[in-house]
**Q** 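Would you mind keeping the following structure in view while I ask a few things?
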Amino acid sequence: MTDFNRSVLPVAVRSNGATPNPWWANAVVYQIYPRSFQDTNGDGIGDLKGITSRLDYLADLGVDVLWLSPVYRSPQDDNGYDISDYQDIDPLFGTLDDMDELLAEAHRRGLKIVMDLVVNHTSDEHAWFQASRDKDDPHADWYWWRPARPGHEPGTPGAEPNRWGSYFGGSAWQYDPKRGEYYLHQFSRKQPDLNWENPEVRKAVYRMMNWWMDRGIDGFRMDVITLISKHLDSHGRLPGEVDSELSEGEIGEEGYTDASPFCSDGPRLDEFLAEMRREVFEGREGYMNVGEAPGITPERNEFITDPAHKELDMLFLFDHVGVDQEGSKWNTVPFEVRNLRARLADQQEAVRNAGWASLFFCNHDQPRVVSRWGDDSDRESRELSAKAFGMLLHMHRGTPYIYEGEELGMTNAHFTKLDQYRDLEAINAYRQRVEEARCQSPESMMAALALIGRDNSRTPMQWDASRYAGFTAADAATEPWIGVNPNHVEINAAEEFDDPDSVYGFYKKLIAMRHGNATVATGEWNLVAADSEQVYSFTRTGGDDTILVMVNLTGRTARVPAEVARLLGNGVSESQVLLSTYDAVHGVKSIARGELARWEGVVIQL
């Protein structure tokens, strides 16, 4: 942890029932997407040396943990989430020596390093998978292999073991002529699912994890870890297989059934996570592990992150980032404050007595929140709405995550052509929905990609106003792997770094509050004014200390809710305003008028 500008939490304060108080209770995590962060060798792709070169920037921001998206050796079918060798660095990013240097330099600055780990699936180029293609090899049962359906020619439509669809489009089954069977891939066909039912698979995964922990990393963020346990019938058959006792459900608009109810939060998930904890983490100190958790409810989050159950420290839940989607991810609906509040409130209430929350709006799979739910149409609106959503997130109870560039108010890419996208999910979804299933118009699909496509968060980090935003040299022979957002001329770190009123300056204040105020770090959370259409309000309480947070999440003036007004009594003084998206004077005047300006948020000491 960084130890400058931080007060130590009193022993009496407990975040989630753990004793002593876990160090990550008042920590802030910064996610780095390595291929888009900093390129030092001019090949258009970010690298480990680039991250090392920017550590002073991250230390100045005040964050405590750096989470790196995958840098392992990979064919890069899904930008590194298809790993072919867990114990090597992909040459795109550098070498193991570069990784060791990054660890040493980060630790010297008090920064921890958490690596992204993908063990629900591997690359089809991983040695384990290649060996499993031989039915007589010891690895034969390391993946989900199944024969073609009886009466069908293997490899032809309809011969798949069941009708599951892949999250990246098409069937979730791929025929392998060498083995003469199909393998399951919930994501890309080059990402076959590991068979966690096989204890040898689990042992191999734990050995690899221990190898990295022994090398000095500080923990893992585990990709789709809640998909590792599949629902099977009493004979070990998957839903929809011939003679299976389990139905696979109805066929959807894209022509496939949905695998998620049968692969999310499976019957052995708790067993597997507890085993992982024993085999990798028990006896170690100072680590953090967080799991990406599709299909997990807030109530299950409480159980899995309860220290008494010894599974994971935190989970990423997704119900709150789906509030602008209906049915399909690509069917977008208008953002409403009440829907976001309801989902976040459920998450907060579920961990009131045990467990812990991860706080995020943005990451490598989510678009930029300022474009998605805020207003990036002009500079003032962008800065105000970026601060409003930043305040809302960071004042909740849990561990906040900042995605690279979020602290600058970086926006969506605003791509208008399909050939500008690099994301496999986006390209496959367009083909599946527009060209094959014809369940969405080209115009509607392009609008959805521009709003929520994953490449919106993957454009190069905007360091300065130069040709390639400082991500790579302005005279580099190779252009960045994906287009630089043209607005980098106005939105960049160099422009904001020394400006205390910038989005960057605001994020520094948010981080300092979490470090220095135990009530913000671990105090109780209580919702106020649950019915307001514009204002999201809550209190944070620790002992005799109470803080009120209220944020207008719209671009128009809002009335201060009556419940909030009662808490404020005769108004507030400037000294009570701990933080404002405008300034303390503006906040006091707004409250005196009984209203909040557009995107106005205030944190008030009651």
Side-chain angles (χ1 to χ4, degrees), residues 1-9 21-40 46-71 89 93-116 212-221 284-290 313-314 394 399-408 461-464 470-471 492-494 496-498 500 502-517 521:
M1 293 183 294
T2 52
D3 50 19
F4 55 85
N5 212 16
R6 173 198 298 276
S7 62
V8 177
L9 289 176
N21 199 65
W23 62 268
W24 36 258
N26 70 330
V28 178
V29 184
Y30 188 98
Q31 183 190 357
I32 292 173
Y33 198 66
R35 68 168 43 229
S36 296
F37 194 64
Q38 182 67 69
D39 172 27
T40 61
D47 44 54
L48 292 175
K49 286 185 177 296
I51 299 171
T52 302
S53 74
R54 295 293 187 176
L55 289 176
D56 287 341
Y57 167 87
L58 297 166
D60 179 86
L61 180 60
V63 297
D64 309 283
V65 184
L66 308 181
W67 152 27
L68 311 185
S69 284
V71 291
I89 300 296
F93 302 119
T95 65
L96 279 169
D97 286 343
D98 294 335
M99 185 68 201
D100 290 339
E101 179 187 22
L102 172 58
L103 283 169
E105 290 299 311
H107 289 161
R108 190 167 67 82
R109 291 167 174 80
L111 297 166
K112 290 177 180 283
I113 300 286
V114 167
M115 292 186 72
D116 217 322
W212 276 111
M213 293 295 289
D214 291 344
R215 200 174 189 99
I217 71 166
D218 302 293
F220 295 99
R221 176 269 185 186
R284 299 184 187 272
E285 295 180 354
Y287 68 86
M288 183 185 86
N289 57 45
V290 55
D313 297 325
M314 284 172 269
H394 283 249
T399 296
Y401 289 73
I402 299 170
Y403 179 73
E404 65 178 38
E406 187 176 358
E407 78 281 9
L408 303 176
M461 178 70 173
Q462 293 167 203
W463 295 107
D464 59 40
F471 164 71
N492 62 70
E496 298 186 33
F497 190 80
D498 293 321
S502 66
V503 178
Y504 177 87
F506 189 80
Y507 266 77
K508 287 189 70 171
K509 295 170 187 174
L510 287 172
I511 295 167
M513 284 186 71
R514 180 158 297 268
H515 288 168
N517 190 316

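If you read the sequence from its start, that first residue is 1, and numbering goes on from there. Computed over heavy atoms, backbone and side chain alike; hydrogens, waters and symmetry mates excluded.
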**Q** Might you point out which heavy atoms bring Trp212 and Leu96 nearest each other, and give the distance in Å?
**A**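 Shortest heavy-atom separation between Trp212 and Leu96 comes out as CH2-CD2, 3.8 Å.
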**Q** Please identify each residue that fulfils side-chain hydrogen bond (donor to acceptor under 3.5 Å, both in side chains) with Thr40, with sequence neighbours left out.
**A**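 Thr40 satisfies side-chain hydrogen bond (donor to acceptor under 3.5 Å, both in side chains) with Asp47 once adjacent residues are dropped.
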**Q** Where do Arg514 and Pro400 come nearest, in terms of heavy atoms and distance?
**A** NE-CG, 3.2 Å
**Q** Given 3.5 Å as the limit, does a donor-acceptor pair link the side chain of Glu404 with the main chain of Tyr33, or not?
**A**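 Between the backbone of Tyr33 and the side chain of Glu404 there is a qualifying donor-acceptor contact (under 3.5 Å).
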**Q** Report the C-alpha separation of Asn517 and Asn26 in whole Å, then their side-chain angles, then the decisive distance to 0.1 Å, and conclude whether the side-chain contact (heavy atoms from CB on, under 4.5 Å) test is met.
**A** CA-CA 9 Å; Asn517 190 316; Asn26 70 330; over 6 Å; no
**Q** Is it the case that Lys112 places NZ or CZ above or below the six-membered ring of Trp23, under 6.0 angstrom from the centre and within 45 degrees of the axis?
**A**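 Flagged: Lys112 positioned over aromatic ring of Trp23.
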**Q** Just do the side-chain contact (heavy atoms from CB on, under 4.5 Å) check on Tyr30 and Leu111 with the steps written out, would you?
**A** CA-CA 10 Å; Tyr30 188 98; Leu111 297 166; over 6 Å; no
**Q** Can you tell me how far apart CD1 (Ile32) and CE (Met461) are? Round to the nearest 0.5 Å.
**A** 9.0 Å
**Q** Under the rule for side chain to side chain contact (heavy atoms under 4.5 Å, CB included), what residues qualify as partners of Asp498, not counting sequence neighbours?
**A** none
**Q** Can you list the residues that meet the salt bridge (charged side-chain N to carboxylate O under 4.0 Å, His left out) rule with Asp98, with sequence neighbours excluded?
**A**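 Asp98 satisfies salt bridge (charged side-chain N to carboxylate O under 4.0 Å, His left out) with Lys49 once adjacent residues are dropped.
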**Q** First locate atom CG of Leu103, then atom CD1 of Ile113, and finally report the distance between them rounded to the nearest 0.5 Å.
**A**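 The CG atom of Leu103 sits 6.0 Å away from the CD1 atom of Ile113.
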**Q** Would you name the heavy atoms of Ala27 and Thr399 that are closest together and state the gap between them?
**A** O-CG2, 3.6 Å
**Q** Ignoring hydrogens and angles, tell me if any N or O in the side chain of Glu101 forms a donor-acceptor pair with the backbone of Met99 under 3.5 Å.
**A**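 Not confirmed, Glu101 side chain does not pair with Met99 backbone.
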**Q** Of the non-hydrogen atoms in Tyr504 and Leu61, which two are nearest, and what is the gap between them?
**A** OH-N, 3.5 Å
**Q** If you round to the nearest 0.5 Å, how far is CG of Leu58 from CD1 of Ile51?
**A** 9.0 Å
**Q** With side chains defined as the heavy atoms from C-beta onward, is the minimum distance between Ile402 and Val63 less than 4.5 Å?
**A** yes
**Q** Can you sort out the partners of Tyr287 under ring pair (Phe, Tyr, Trp, His ring centres under 6.0 Å), two or more places apart, ordered by chain and number?
**A** Phe281
**Q** Got Asp100 and Thr95 here, is their nearest side-chain heavy-atom distance under 4.5 Å?
**A** no
**Q** May I ask you to test the Val29-Val290 pair for a side-chain heavy-atom distance under 4.5 Å?
**A**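 In short, these two side chains do not touch, never coming nearer than 4.5 Å.
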**Q** Rounded at 0.5 Å granularity, tell me how far CD in Gln462 sits from CD in Glu496.
**A** 9.5 Å
**Q** What residues form a side chain to side chain contact (heavy atoms under 4.5 Å, CB included) with Asp116, not counting sequence neighbours?
**A**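 Result, side chain to side chain contact (heavy atoms under 4.5 Å, CB included) vs Asp116: Trp67, Ser69, Pro70, Tyr81, Arg221, Asp223.
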**Q** Of all residues at least two apart in sequence or in a different chain, which pass the side-chain hydrogen bond (donor to acceptor under 3.5 Å, both in side chains) check with Arg284?
**A**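 Partners of Arg284 by the side-chain hydrogen bond (donor to acceptor under 3.5 Å, both in side chains) criterion, ordered by chain and then number, come out as Asn210, Asp214.
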**Q** Please enumerate all residues that pass ring pair (Phe, Tyr, Trp, His ring centres under 6.0 Å) together with Tyr507, with sequence neighbours excluded.
**A**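 Scan of Tyr507 (ring pair (Phe, Tyr, Trp, His ring centres under 6.0 Å), adjacent residues dropped) gives His394.
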**Q** Check ring pair (Phe, Tyr, Trp, His ring centres under 6.0 Å) between Phe37 and all other residues, then give those that pass, not counting sequence neighbours.
**A** Trp463
**Q** Under the salt bridge (charged side-chain N to carboxylate O under 4.0 Å, His left out) rule, collect the residues that match up with Asp97, sequence neighbours excluded.
**A**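 Per chain and number, Asp97 pairs via salt bridge (charged side-chain N to carboxylate O under 4.0 Å, His left out) with no residue.
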**Q** What residues, two or more places apart in sequence or in another chain, satisfy side chain to side chain contact (heavy atoms under 4.5 Å, CB included) together with Ala104?
**A** none
**Q** Main chain of Asp313, side chain of Asn289: is a donor-acceptor contact present, judged purely on distance under 3.5 Å?
**A** yes
**Q** Can you sort out the partners of Tyr401 under ring pair (Phe, Tyr, Trp, His ring centres under 6.0 Å), two or more places apart, ordered by chain and number?
**A**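 With sequence neighbours excluded, Tyr401 shows a ring pair (Phe, Tyr, Trp, His ring centres under 6.0 Å) to Phe316, given in chain and number order.
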**Q** Is there a donor-acceptor pair closer than 3.5 Å between any side-chain N or O of Asp39 and the backbone N or O of Phe471?
**A** no
**Q** Please report the shortest heavy-atom distance between Phe93 and Gly46, naming the atom on each side.
**A**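 Scanning both residues completely, I find the closest heavy atoms to be CD2-O, 3.3 Å.
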**Q** Which heavy atom of Gly470 sits nearest a heavy atom of Arg54, and at what distance?
**A** O-NH2, 3.8 Å
**Q** My understanding is that only residues two or more places apart in sequence, or in another chain, count here; which of them pass side chain to side chain contact (heavy atoms under 4.5 Å, CB included) with Ser53?
**A** Gln38
**Q** With the side chain counted from C-beta on, respond yes when Arg109 and Asp56 share a heavy-atom pair under 4.5 Å apart, and no when they do not.
**A**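 Contact flag for Arg109/Asp56 side chains = yes.
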**Q** Output, in order, the C-alpha distance, side-chain angles, deciding distance and verdict of side-chain contact (heavy atoms from CB on, under 4.5 Å) for Asp218 and Met288.
**A** CA-CA 6 Å; Asp218 302 293; Met288 183 185 86; over 6 Å; no
